[in-house]
Engineer: 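First the structure, which I've put down as structure tokens, then a few questions once you've had a look.
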Amino acid sequence: MEVVRLARETDFDGWRQAARALRNRRVPPESALWTVDGQASLFGGRSPSEIAAEPADASEATGGRFTAPKAFVDVATKVVLHRSDERFALLYRVLWRLQDQPSLMHIASDPDVAQLRGFAGEVSRAAHKMKAFVRFREITDEDGEAYVAWFEPAHRVAEATAPFFVRRFANMRFSILTPDVCVHWDLAALAFTPGADPADAPAGDALEDYWRTYYASIFNPARLKVDAMQKEMPKRYWRNLPEAALIPELIAQAQGRTDTMVRQAPSEPSRRVVKAAVRNSRDAPWEGQATTTLDEVAAGVDHCRRCDLWRDATQGVAGEGPGQAKLLFVGEQPGDQEDLAGKPFVGPAGQMFDRALAEAGVPRAETYVTNAVKHFKHELRGKRRIHQTPNAGEVTACRWWLDAERRIIRPRVVVALGATAGLAVLGKPTPIGKVRGQAMPLSGQAQAVVTYHPAYLLRVPDAAAKAEAYARFVEDLRLAWRLAA
Ligand code: URA
């Protein structure tokens, strides 16, 4: 029995070095035991470099050079972050089998491959949750202001997600403490130290109040979906989230009005749907048109890599509304609050939009609301994320999803809110002042109406001009609703 002693729980390089050496020496999976330093006293064992230093016996060596396929390496880098004790052995077993079955990774029904992909998916979801649910608390130390967060990820994703937090909070000195490893950013370099105790995280402060206010303001009882919410924000994370203190109360208040809705809460897209959507989001040609359901769109948007905006966004924000809506609204892109909530038009522009819809007599719940670009484009200024207008390349890349939404919903009328939406819907730059308030033909017997973006109405400085623009906006919404009826 060859006992391998890896340096750390996430020691991918060590695993790879040892696996390569063992495979060359024809050590079968059942004769290799994978341990991590610390368990070593129990089993003894050798480090990967000691194993690699031993030359392969000519009679044992395979003779040919074997390179693991990229599909395996991509999955393996995630699987090592899984908490299962089986992960290193599973990886070695699959690597071993790949020699004789080069296309093994494409056999989804194979139990080893299915388990490997299942582990990789769980790790991806843990990373996604960590990006969405880490909350910093302000502290002051000898160097001044800094931020600390405590988080317990479902898998060991803290190091892998660290670059995301650096990009997002480049101007903040921060530490993220987890039981596995602590991540530190000092405005110049990332550093990692051993895992911490929950007691090391400071308790509440002003940032918590901010989060509570923010969360209460975006919490819409009419859209409450308890199952989905708990799935997205599992209870294990609640104690790190200041806003979670509000959840029981908000749910209790909303219950009476939304019992029926909660019972009908849609389930998460199936694994098959997510897989198909992810494939589309990366590989399918523009003309592929393979996305056929709104669940696929939502899953695909969240995994989309068609442009770079996903890097700094919390999540992709797909549209929201019934699949048979006759009226489809297209905004520009999710803003700060939409990026966090995962829903379009829930922030200040959304409130203005809701007010105008109510005044125009348009029930938002009967319309489909989406954006031309599905990830939040912004730049960091201090701690604030400042909106940046998406460029034409980003709008073009994201039209894949808007086209899919339009193809699936087949609305009679598409309303472009603002110039970016105009570009996405009409395919050319559109002067809002000139074309607003009229119906324009679109392909597939649909019509387009172009009008102001609600955020524009918030910015008009002069009160009389603002009231005038708002009245025209309401008029345009009425026109669109009439055309759709
Ligand atoms: N602005 C938009 O264009 N879309 C949103 O979802 C929010 C703000």
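Only this structure's heavy atoms are used, side chains among them; waters, hydrogens and symmetry mates stay out.
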Engineer: Does any non-hydrogen side-chain atom of V148 lie less than 4.5 Å from one of L177?
Structural biologist: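 With C-beta onward as the side chain, the pair touches.
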Engineer: Compare all side-chain heavy atoms of V113 with those of H106 and state whether any distance is below 4.5 angstrom.
Structural biologist: no
Engineer: Taking all atoms of both residues into account, what is the closest heavy-atom pair of L340 and Q315, and its distance?
Structural biologist: O-NE2, 3.1 Å
Engineer: Ignoring hydrogens and angles, write down the donor-acceptor pairs under 3.5 Å from the side chains of residues 321-332, residues two or more places apart or on other chains.
Structural biologist:
from, atom 1, to, atom 2, distance (Å)
E332, OE1, H387, NE2, 2.5
E332, OE2, T420, OG1, 3.3

Engineer: Where is the tightest heavy-atom contact between K466 and L458, given as atom of each residue plus distance?
Structural biologist: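 Reported closest heavy-atom pair: NZ-O, 3.2 Å.
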Engineer: Looking at every non-hydrogen atom in both residues, tell me the closest pair between A360 and V474 and how far apart they are.
Structural biologist: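 It is CB-O, 3.7 Å.
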Engineer: For the CZ atom of F133 and the CZ atom of R135, what is their distance to the nearest 0.5 Å?
Structural biologist: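 It comes to 7.0 Å.
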Engineer: With a 4.5 Å heavy-atom cut-off, do Y368 and E366 have their side chains touching?
Structural biologist: no
Engineer: How many angstroms lie between atom NE2 of H128 and atom NE2 of H303, to the nearest 0.5 angstrom?
Structural biologist: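 Between H128 NE2 and H303 NE2, I get 8.0 Å after rounding to 0.5 Å.
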Engineer: For R406, check salt bridge (Lys or Arg N to Asp or Glu O under 4.0 Å) against everything at least two apart and list the hits.
Structural biologist: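 Counting only residues at least two positions away or on another chain, R406 forms no salt bridge (Lys or Arg N to Asp or Glu O under 4.0 Å).
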Engineer: Taking atom CH2 of W481 and atom CZ of R412, what is their separation to the nearest 0.5 Å?
Structural biologist: 10.5 Å
Engineer: Are the side chains of V79 and V123 in touch, meaning some heavy atoms are under 4.5 Å apart?
Structural biologist: no
Engineer: Please determine whether side chain to side chain contact (heavy atoms under 4.5 Å, CB included) holds for the pair R385 and R168, giving the CA-CA distance in whole Å, both sets of side-chain angles, and the decisive distance to 0.1 Å.
Structural biologist: CA-CA 8 Å; R385 299 193 296 165; R168 162 76 66 88; 3.1 Å; yes
Engineer: Under a 3.5 Å distance rule, please check whether E338 uses its side chain to pair with a backbone N or O of V346 as donor and acceptor.
Structural biologist: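 Looks like yes, one N/O pair under 3.5 Å.
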Engineer: Got a second to check how far T451's OG1 is from Q438's CD, nearest 0.5 Å?
Structural biologist: 11.0 Å
Engineer: For residues Y452 and F473, establish whether the separation of their ring centroids is below 6.0 Å.
Structural biologist: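 Y452 vs F473: aromatic centres not under 6.0 Å.
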Engineer: Going by the rule side-chain hydrogen bond (donor to acceptor under 3.5 Å, both in side chains), which residues pair with K434 if we only count those two or more places apart in sequence or in a different chain?
Structural biologist: none
Engineer: Could I get the full list of salt bridge (Lys or Arg N to Asp or Glu O under 4.0 Å) partners for R311, not counting sequence neighbours?
Structural biologist: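 R311: salt bridge (Lys or Arg N to Asp or Glu O under 4.0 Å) contacts with D308.
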Engineer: Do any pairs count as a salt bridge (charged side-chain N to carboxylate O under 4.0 Å, His left out) and have a residue in residues 367-376, sequence neighbours left out, and if so which ones?
Structural biologist: K374-E405
Engineer: Could you list all the side-chain hydrogen bond (donor to acceptor under 3.5 Å, both in side chains) pairs where at least one residue sits in residues 176-187, not counting sequence neighbours?
Structural biologist: R83-D180, S175-H184, H184-T193
Engineer: The criterion is side-chain hydrogen bond (donor to acceptor under 3.5 Å, both in side chains); which residues satisfy it with E468, sequence neighbours excluded?
Structural biologist: R472
Engineer: Applying side-chain hydrogen bond (donor to acceptor under 3.5 Å, both in side chains) between K377 and each of Q388, E394, Q333, report the one that passes.
Structural biologist: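 When Q388, E394, Q333 are each tested with K377, the side-chain hydrogen bond (donor to acceptor under 3.5 Å, both in side chains) holds only for E394.
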Engineer: State which residues pass ring pair (Phe, Tyr, Trp, His ring centres under 6.0 Å) with H375; sequence neighbours excluded, sorted by chain then number.
Structural biologist: none
Engineer: D112: what forms a side-chain hydrogen bond (donor to acceptor under 3.5 Å, both in side chains) with it, not counting sequence neighbours?
Structural biologist: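 Only R93, R97 meet the side-chain hydrogen bond (donor to acceptor under 3.5 Å, both in side chains) criterion with D112.
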Engineer: Salt bridge (Lys or Arg N to Asp or Glu O under 4.0 Å) with R410: which residues, sequence neighbours excluded?
Structural biologist: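 Scan of R410 (salt bridge (Lys or Arg N to Asp or Glu O under 4.0 Å), adjacent residues dropped) gives none.
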Engineer: Just by distance, do the side chain of D302 and the backbone of G316 share a donor-acceptor pair under 3.5 Å?
Structural biologist: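 The answer is yes, because a donor-acceptor pair under 3.5 Å joins these two groups.
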Engineer: Going by heavy atoms in the side chains, are S84 and F119 under 4.5 Å from each other?
Structural biologist: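 When only atoms from C-beta onward are counted, F119 and S84 do touch, with a gap below 4.5 Å.
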Engineer: Mind checking what makes ring pair (Phe, Tyr, Trp, His ring centres under 6.0 Å) contact with F164, not counting sequence neighbours?
Structural biologist: none
Engineer: How are the rings of F174 and F169 set relative to one another: parallel (under 30°), tilted (30 to 60°) or perpendicular (over 60°)?
Structural biologist: perpendicular
Engineer: Applying side-chain hydrogen bond (donor to acceptor under 3.5 Å, both in side chains), can you list everything that pairs with R436, at least two apart in sequence or on another chain?
Structural biologist: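 With neighbours one apart ignored, the set is D476.
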Engineer: Which distance, rounded to the nearest 0.5 Å, do you find between the CD of E122 and the NE2 of H82?
Structural biologist: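 The NE2 atom of H82 is 4.0 Å from CD of E122, to the nearest 0.5 Å.
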Engineer: What distance do L309 atom CG and C398 atom SG have between them, rounded to the nearest 0.5 Å?
Structural biologist: 8.0 Å
Engineer: Can you tell me if CD on E379 sees more than 12 non-hydrogen neighbours from other groups inside 6.0 Å?
Structural biologist: yes
